[in-house]
Visitor: 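Sharing a structure here in structure tokens format.
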Amino acid sequence: MFLILLLASAVAPSSIPPPPSCNHLKYAYSLRGVPESDIPGRPISGSMLQICPSGPSCCTKSVEEKLGAWSEKQYRDALFNKTTSMAGELDQKATQVDDYIYVLLNKAQREFHDMFTRTYGVMYQKNADVFQEYFQDLKIYYDKGTLNPADSTSSFFNTLYQKMFKVLNAQYTFDGLYLSCVSENMDQLRPFGDVPRKLASAVKRSLVAARALVRALRTGHEIANQMTKVEPSKECLSAVQKMSSCPACQGLPEVKPCNGYCINIMKGCMAYHYEIDELWNKYIESLMSLSERLVGPFNVEMTIEPISIKISDAIMNFQESGFQVTQKVFELCGTPRLGRREARPQTSQFVFEKRLEKSHRPPARPQKSEFERMLIELKKKLKGAEGFWSLMPYQMCDSQMEKPYRNVKDKDSCWNGKDSGSYANKVVEDGLASQMQNPEVPVKIDLTHTLLNEQKFKLTNLANVLKSAYRGQDIEWWDEEDDTEAQKDEGSGSDYYGEYTDDEDGFYGSGDIDDDEGSGESDDEIIVPFLTEPKENDKWNPWPKFPTTTTTTTT
């Protein structure tokens, strides 16, 4: 609280007799950057003062200027520190969530590779690039916003479909044209059942929401920092200097300004800051709503962690319906030419012969995961940032006033701008227009305030982005250039792997999520492929081919 630095808390006399000496002010003045040599020994005429009332004064013009400069610095520093402290908390929470998502994606990729290596062996290793590229695509989307989760999921299952189709029908020869026909009819045949559609929807909405949350937090951090660049008017600085310097010049450096007097000055000084308050509050509310989504139906942990199980289910579905799918493909694309038989392993790389071992099952989840606790803490911080700009004038004047409104009571012995007494003027209402009646700070209304309008534009767009992310819809960032037309909207996918919502309006309630996408897997045993354990010299490590993922996202 900058006024604590400006003025001590001791109660002052209720009148201002001319001080017989100014020597008692040396310590108070020195704390405010005034050398002892500048302080007059006895009160002098204040006729040369620019800010403070005339009359006997312990301030020369030079001392008044030094006290005024100190007061201005205290005001600027207090406003800057309070704003950047709040902004820094937003950025810190964004980094925590961002780092956790990266760890989650990398962990899921490693565990998938380990599980399929143990279960499929060499046959998985020969096709591992298909699976690993899918994970890499998800990380590229989350990092840069290019590609998109739904299209990546569609492409992955399309490639997997063609590979499995060729393996299950190894006695035939397929050229590129025939495989194109196979691929084109995938939407109709649905060889993997409903798994691709559900996985594409779940991955899309959770990653889109997670990325939107992180980017929105960082954009809020940027907006708050930009607001520190709103330059105070000359009238504002003059009022601040008068409020904190004049009591000292009158020989009463310990007198505090009246609350109403201080609040009117702060409201006049921060009139333009208040103009973003309504949009800011909507932004904060949207962030809190999206945070609830991420621990509910858009739970990114419950989407990414069991990806290996989902893909195993999909492969199993195709294995079980392989004959029917093949017959339908032959009807649609024609019967292919028989090829020359080759020596092949007795067991197909996609045949399921072993149920999932207990070591492969997802571990029991704690009552609240680390990610959920992180989002709960985030909501607390967001709640503290709500109403930030409207409360700032009160907090600048008295940190003890948590919910100060209109009825501001003053003591009889406080500085009212002229002398020590009470403050008779009414505290003005909030808002730029109301400051036309501000008795302490003349405010000019400038509707073309460029910096302010830019922040209002960003907050308006943030609200739209967060609303779309909350609904599980595609989003488009206004400040992110598109690399290709296909990457125009984040998260947009093909028709087959498009939106997967249970409600017509696109909203998800706590009971809307499917059981297999909820808080845990069913108790039914899940079957996964089995071959033989790979030999030591057959082990394959995919990690060197992928660049190290950093925790810095493109904003």
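We count residues from 1, following the sequence as given.
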Visitor: Heavy-atom count check: over 12 atoms from other residues, nucleotides or ligands less than 6.0 Å from E377 CD?
Guide: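 Check passes, neighbour count above 12.
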Visitor: Evaluate the side-chain proximity of Y274 to Q435: yes if any heavy-atom separation is below 4.5 Å, no if none is.
Guide: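 Side-chain contact under 4.5 Å: no.
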Visitor: Could you verify whether a donor N or O on one side chain and an acceptor N or O on the other, from H221 and N225, lie under 3.5 Å apart?
Guide: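 Yes, N225 and H221 have a side-chain donor paired with an acceptor closer than 3.5 Å.
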Visitor: Can you tell me how far apart CH2 (W280) and CG (L459) are? Round to the nearest 0.5 Å.
Guide: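 It comes to 7.0 Å.
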Visitor: Any salt bridge linking K73 with D77? Criterion: basic side-chain nitrogen under 4.0 Å from a carboxylate oxygen.
Guide: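 Salt bridge present between K73 and D77.
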Visitor: How many angstroms lie between CZ in F135 and CD in Q109, if you round to the nearest 0.5 Å?
Guide: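 Going from CZ on F135 over to CD on Q109, the span is 6.5 Å.
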Visitor: Quick check: do R211 and I101 have side-chain heavy atoms less than 4.5 Å from each other?
Guide: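 The answer is no; the side chains never approach within 4.5 Å.
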Visitor: So, do I311 and F192 sit near enough that their side-chain heavy atoms are less than 4.5 Å apart?
Guide: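 Answer no - side chains too far apart.
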Visitor: So, taking the atom named CG in D91 and the one named NZ in K93, what distance separates them when rounded to the nearest 0.5 Å?
Guide: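 Answer for the CG-NZ pair, D91 versus K93, is 12.0 Å.
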Visitor: For Y423 and P257, indicate whether the former's side chain and the latter's backbone hold a donor-acceptor pair under 3.5 Å.
Guide: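 No.
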Visitor: Under 2.5 Å between the SG atoms: is that true for C59 and C249?
Guide: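 With an SG-SG separation under 2.5 Å, C59 and C249 do form a disulfide.
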Visitor: So, the side chain of S154 versus the backbone of A150: is there a donor-acceptor pair under 3.5 Å, distance only?
Guide: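 No; zero donor-acceptor contacts below 3.5 Å.
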Visitor: Would you please classify the geometry between the Y134 ring and the F156 ring as parallel, tilted or perpendicular, with 30° and 60° separating the classes?
Guide: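 Rings of F156 and Y134: parallel, as their planes differ by under 30°.
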Visitor: Quick one: are the ring centres of Y102 and Y142 less than 6.0 Å apart?
Guide: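 For Y102 and Y142, the ring centres are under 6.0 Å apart.
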Visitor: Taking only Lys NZ, Arg NE, NH1 and NH2, and the carboxylate oxygens of Asp or Glu, determine whether K379 and E292 approach each other closer than 4.0 Å.
Guide: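 Salt bridge flag = yes for E292 with K379.
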Visitor: Decide yes or no on side-chain contact (heavy atoms from CB on, under 4.5 Å) for H273 and L79, but give the supporting numbers first.
Guide: CA-CA 11 Å; H273 294 77; L79 182 58; 4.0 Å; yes
Visitor: Run the salt-bridge test on K383 and E386 with the 4.0 Å N-O cut-off and return the result as yes or no.
Guide: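 Salt bridge present between K383 and E386.
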Visitor: Apply the test side-chain contact (heavy atoms from CB on, under 4.5 Å) to residues I284 and F388: give CA-CA distance (whole Å), side-chain angles for both, the deciding distance (0.1 Å), then the verdict.
Guide: CA-CA 10 Å; I284 294 295; F388 177 83; over 6 Å; no
Visitor: Check this for me, if you would: do E305 and K310 make a salt bridge, where the nitrogen-to-carboxylate-oxygen distance has to be below 4.0 angstrom?
Guide: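 Looking at E305 and K310, the cut-off is not met.
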